[in-house]
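These numbers were taken from a predicted model, which means no experiment stands behind them. Position 1 is the first residue of the sequence, and the numbers go up from there.
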Amino acid sequence: MNAYVYILQCADGRFYDGTTRGNLERRVAEHNDGSYGGYTKSRRLVSLVYWDAFDRITDAIAAERQLKGWSRTKKEALIRGDIVTLRKASRNRTEHPHPSSGSG
């Protein structure tokens, strides 16, 4: 396994979802020392709260894209390992579709 998807919790409480190849600890350190710019640079210090390993970076990127679409509640359930809440949050999204337009 040499690719990771991860969630960081920033100093302001917000989450950052990312991917990396190779050394996950080094990537978190780069976020914390500011050498990895962008979103986390002004929200340091960050803490690694979740990660998952993959054989291919493309799979990690696909997982990151999925995480970016999740609600905070769903991410918090994932971080806690709370499968019941995670499933409930998933169902709640699909059980309440937007009303369709048009006549009928």
For R72 and G13, the nearest pair of non-hydrogen atoms, with its separation, is NH2-O, 2.9 Å
Please check: side-chain N/O of S71 versus main-chain N/O of K74, any donor-acceptor pairing under 3.5 Å?
yes
Subject >> Aromatic ring proximity, centroids under 6.0 angstrom, H31 and Y39 >> reply: no
**Q.** hydrophobic_cluster_shared for I57 and F54, side chain cutoff 4.5 Å
**A.** no
Notebook entry, point to check: Is the shortest heavy-atom distance from the side chain of F15 to the side chain of Y50 under 4.5 Å?
Noted result: no
- prompt: Within a strict 4.5 Å, meaning less than it, do heavy atoms of the W51 and L24 side chains meet?
  reply: yes
Rounded to the nearest 0.5 angstrom, the NZ-CD1 distance for K88 and I83 is 15.0 Å
Rounded to the nearest 0.5 angstrom, the CD-CZ distance for Q9 and R14 is 12.0 Å
CG (N2) and CG (D55) are apart, to the nearest 0.5 Å, by 7.5 Å
Taken to the nearest 0.5 Å, the spacing of L45 CG from N32 CG works out to 4.5 Å
Distance col, row E64:CD vs D52:CG, nearest 0.5 angstrom, shows 13.0 Å
Under the side chain to side chain contact (heavy atoms under 4.5 Å, CB included) criterion, do V49 and L8 qualify, and how do the steps go? CA-CA 6 Å; V49 294; L8 303 176; 6.0 Å; no
Under 3.5 Å, is there a donor-acceptor pair between the side chain of R44 and the main chain of K41? yes
Partner of D17 under side chain to side chain donor-acceptor pair (under 3.5 Å), picked from K75, R65, K68, is K75
Distance col, row R80:CZ vs L78:CG, nearest 0.5 angstrom, shows 10.0 Å
Item checked: Within one Ile-Leu-Val-Met-Phe-Trp-Tyr cluster: I61 and Y6, side-chain cutoff 4.5 Å -> no
